[in-house]
Amino acid sequence: DTLTNRVNYREVKMRTLHSSLIKPLIRLHSPFSTPIISPFPLRKQFLYLHSSATPSLQKLTAMADNKTAAVDGNSTSDHVSGSWYSVPDLRLRDHRFTVPLDYSLERCSSTKITVFAREVVAVGKEEQSLPYLLYLQGGPGFECPRPTEAGGWINRACEEYRVVLMDQRGTGLSTPLTPSSMSQVKSAEDLANYLRHFRADNIVHDAEFIRKCLVPDAGPWTILGQSFGGFCAVTYLSFAPKGLKQALITGGLPPIGEGCTADSVYKAGFEQLVCQNEKYYKRFPQDIEIVRDVINYLAESGGGVPLPSGGILTPRGLQLLGLSGLGSSTGFERLHYLFERVWDPLIVQGAKRRISDYFLNAYERWIGFDANPLYALLHESIYCQGASSLWSAQRIRALNDNKFDAIEAAKVGRPVLFTGEMIFPWIFDEVHALRPFKDAAQLLAEKKDWPSLYDIAALKDNKVPVAAAVYYEDMYVNLKLSMETASQIAGIRPWITNEYMHSGLRDAGSRVLDHLLAMLNGKKPLF
């Protein structure tokens with residue numbers, strides 16, 4: 001670290017000693033600071049609703065242009081940067097940005113939240129002039145990966161980029177919205193109004209804010225969007241393309257039609273799920289009887305058994321294991337090994353059979369809503385533009401109930417089919433961590449006036465080089481819908497492959513990223 005960085009850091013520390021560098025969810029007003037956020041500010045602050053367009057980026061540009069870029073480790077009132085630290089073969093530096101909750105309001109009027117980003121470079125490249133690459137995480141509602149060493153796609157990216165890992169607002173260290181923090185909001189209406197600011201449009205606003213703080217001369221950067229991060233990348237291309245040098249997308253081309261596209265997503269999703277279930281049971285035919293046995297046990301146990309957290313495991317809840325088990329490269333194997341230990345051994349003659357604590361704890365870790373509740377609360381809203389979802393997955397499931405009724409399947413001897421990336425209203429009854437947010441979830445499902453997330457005219461006139469990996473058997477982002485979107489983005493180069501599943505960037509990150517970069521830098525020319 002340079003002496004200058006240490007001095008600047010001390011200066012920032014003195015200025016922020018009263019609050020600490022990590023901003024709490026709620027801060028009382030004092031003469032020395034501005035409140036960071038209140039989840040229940042004056043109701044008027046929540047009354048602005050978009051009907052068909054995202055807020056202009058002009059206010060954001062003006063805010064960022066009026067500050068000195070903190071590219072050398074210096075900090076401003078809206079940006080605090082830390083000192084460099086190390087993991088094997090990488091150097092990292094933390095950044096915290098104070099951003100508006102609502103970019104449509106004047107800066108002084110909007111409440112504030114913190115967005116966290118981690119800067120990553122290869123060892124020895126801290127002071128080199130490198131182009132920037134922003135990683136947009138999948139989700140919604142999940143934080144960026146925490147590097148422990150130089151491996152995978154990060155290792156490849158750091159060969160030529162300065163990587164920025166941004167925790168999307170509400171996740172990780174970006175004013176995280178957890179079951180405990182959201183419990184501070186006592187009104188379902190206030191929580192629903194608060195959560196409407198946590199979709200792709202505002203994630204892009206945050207990214208632009210950070211870019212203008214970090215990148216020298218506020219120049220454009222490259223973005224890499226995985227899954228939902230790809231959805232954010234297409235929003236970026238729609239509304240802030242001047243901030244982009246290139247866009248790389250892996251398993252994340254969203255449906256971009258007006259209204260709510262969730263119905264088309266889930267219709268395609270249930271069709272793909274039938275195929276994924278068939279493949280799973282062909283791999284592990286012994287699991288057909290095991291899963292049926294568990295479903296019958298749950299149905300005969302009053303409809304379910306208690307979970308360690310206080311929730312309940314029901315037959316339809318058991319089907320949720322397909323969300324993680326059917327769509328990733330090792331998902332089939334992990335699901336099979338999970339069911340190997342579903343029953344407690346009978347070590348005393350005459351003892352009743354019961355589902356093991358091992359399985360019940362593992363089930364809750366698989367579902368994971370206690371750590372990332374935003375995924376459940378906002379999932380269907382990512383498909384909404386000026387229309388409500390009205391629990392789309394539940395409605396489309398009802399049309400397929402002859403195939404996905406677990407109790408009926410077990411009764412008549414059919415294989416029980418697992419479900420996939422779908423959120424159902426009853427989850428907010430059966431998952432303990434989500435129960436307090438049932439009413440807010442209902443309000444979000446009914447909300448009609450969601451702002452636009454995409455601009456088809458802008459995408460058809462796109463000038464930013466785009467390369468996208470489209471996975472042929474992707475359970476989460478449908479191939480056909482992805483290619484319909486690709487046809488609307490000028491200049492995009494799709495790479496359709498069945499070599500990887502949706503988890504390709506995680507499983508073979510270096511190869512996937514290298515392939516996409518080669519498509520844009522001339523190493524893989526058009527043919």
Side-chain angles (χ1 to χ4, degrees), residues 138-140 200 225-235 237-238 247-280 322-323 325-329 331 379-385 387 389 392-400 403-404 417-423 452-457 459-460 462 466-505 512 515-516 519 526:
Q226 157 65 17
S227 191
F228 171 70
F231 289 29
C232 295
V234 177
T235 301
L237 290 165
S238 295
L248 311 171
I249 297 172
T250 56
L253 287 176
I256 58 177
E258 286 297 321
C260 182
T261 59
D263 283 12
S264 61
V265 169
Y266 295 129
K267 286 176 182 176
F270 275 108
E271 290 179 7
Q272 183 65 34
L273 272 171
V274 173
C275 296
Q276 292 302 106
N277 275 280
E278 289 176 351
K279 287 188 286 186
Y280 173 73
L323 172 59
L326 297 185
S328 62
S329 62
H379 191 267
E380 288 199 353
S381 77
I382 69 176
Y383 301 111
C384 294
Q385 302 183 94
S389 71
S392 174
Q394 179 74 0
R395 290 186 289 102
I396 304 304
R397 177 177 178 154
L399 302 176
N400 293 270
K403 297 178 181 177
F404 285 88
L417 303 187
F418 296 99
T419 54
E421 189 171 43
M422 296 143 183
I423 298 298
S452 292
L453 295 173
Y454 312 108
D455 184 332
I456 294 178
L459 294 172
K460 287 183 175 180
N462 174 60
V466 183
V470 180
Y471 302 122
Y472 188 78
E473 297 177 291
D474 198 324
M475 188 187 80
Y476 304 94
V477 182
N478 180 262
L479 168 67
K480 180 180 177 182
L481 297 179
S482 294
M483 295 310 297
E484 288 177 1
T485 295
S487 70
Q488 302 292 303
I489 303 175
I492 188 173
R493 289 197 62 189
W495 166 38
I496 303 174
T497 176
N498 66 352
E499 186 176 357
Y500 309 107
M501 297 186 73
H502 187 74
S503 54
L505 189 64
V512 170
H515 189 105
L516 293 176
M519 293 173 73
L526 293 171

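All residue numbers in this chain count up from 1 along the given sequence.
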Is it true that a side-chain atom of S264 and a backbone atom of T261 form a donor plus acceptor pair closer than 3.5 Å? yes

Looking at I492 and A486, what are the two nearest heavy atoms and their distance? CG2-O, 3.3 Å

Polar side-chain atom of N462 near backbone of A490 as donor-acceptor pair, under 3.5 Å: yes

Side-chain contact test, heavy atoms from C-beta onward, threshold under 4.5 Å: evaluate it for V466 versus I249 and give yes or no. yes

Would a distance-only check, ignoring hydrogens and angles, find a side-chain to backbone donor-acceptor pair under 3.5 Å from Q385 to G257? yes

Within the 4.5 Å heavy-atom criterion, are H502 and Q226 side-chain neighbours or not? yes

Are any non-hydrogen side-chain atoms of T235 and Y454 less than 4.5 angstrom apart? yes

Specify the closest pair of heavy atoms between I456 and I256, including all atoms of both residues, with the distance to one decimal. CD1-O, 3.7 Å

Measuring from W495:CH2 to T250:OG1, what's the distance to the nearest 0.5 Å? 9.5 Å

Can you give me the closest heavy-atom contact between L326 and Y280, atom names plus distance? CD2-CB, 4.0 Å

Rounded to the nearest 0.5 Å, the CD1 atom of I423 sits from the OH atom of Y266 at a distance of 7.0 Å

Using modelled atom types only, decide if a donor and an acceptor are shared between the side chain of E380 and the backbone of S392 within a distance under 3.5 Å. yes

Do side-chain atoms of Q272 reach the backbone of M475 as a donor and acceptor pair under 3.5 angstrom? no

For residues I396 and M422, determine if any side-chain heavy atom of one lies less than 4.5 Å from a side-chain heavy atom of the other. no

Does some side-chain heavy atom of F404 sit less than 4.5 Å from a side-chain heavy atom of L273? yes

Quick one, L237 with L459, criterion side-chain contact (heavy atoms from CB on, under 4.5 Å). Give me CA distance, side-chain angles, the key distance, then yes/no. CA-CA 7 Å; L237 290 165; L459 294 172; 3.7 Å; yes

Output, in order, the C-alpha distance, side-chain angles, deciding distance and verdict of side-chain contact (heavy atoms from CB on, under 4.5 Å) for K480 and E271. CA-CA 12 Å; K480 180 180 177 182; E271 290 179 7; over 6 Å; no

To the nearest 0.5 Å, what is the distance between CD (Q276) and CG (D474)? 9.0 Å

Give the ring-plane orientation class for H379 versus Y383, where under 30° counts as parallel, over 60° as perpendicular and anything between as tilted. perpendicular

Please check this pair: side chain of T485 against backbone of P254, looking for a donor-acceptor N/O pair closer than 3.5 Å. yes

Between S328 and S503 (side chain of the first, backbone of the second, donor and acceptor by atom type, cut-off under 3.5 Å), is there such a pair? no

Does any non-hydrogen side-chain atom of V512 lie less than 4.5 Å from one of T497? no

Go through L505 and Y500 one step at a time and tell me if the side-chain contact (heavy atoms from CB on, under 4.5 Å) criterion holds. CA-CA 9 Å; L505 189 64; Y500 309 107; over 6 Å; no

Do H515 and E499 have side-chain heavy atoms sitting under 4.5 Å apart? no

Hey, does the side chain of R395 reach the backbone of S389 with a donor-acceptor pair shorter than 3.5 angstrom? yes

List the atom of A387, the atom of C260, and the distance in Å for their closest heavy-atom pair. CB-N, 3.7 Å

Would you please test V477 and F231 for side-chain contact (heavy atoms from CB on, under 4.5 Å) and show each step? CA-CA 10 Å; V477 182; F231 289 29; 4.2 Å; yes

So, for L453 and S381, which heavy atoms are closest and what is the spacing to 0.1 Å? CD1-O, 4.5 Å

Hey, is NZ on K460 packed in by over 12 heavy atoms from elsewhere, all under 6.0 Å? no

With rounding to the nearest 0.5 angstrom, report the CG to CD distance, L479 to E473. 10.0 Å

State, with a plain yes or no, whether a side-chain heavy atom of N478 is found less than 4.5 Å away from one of V265. no

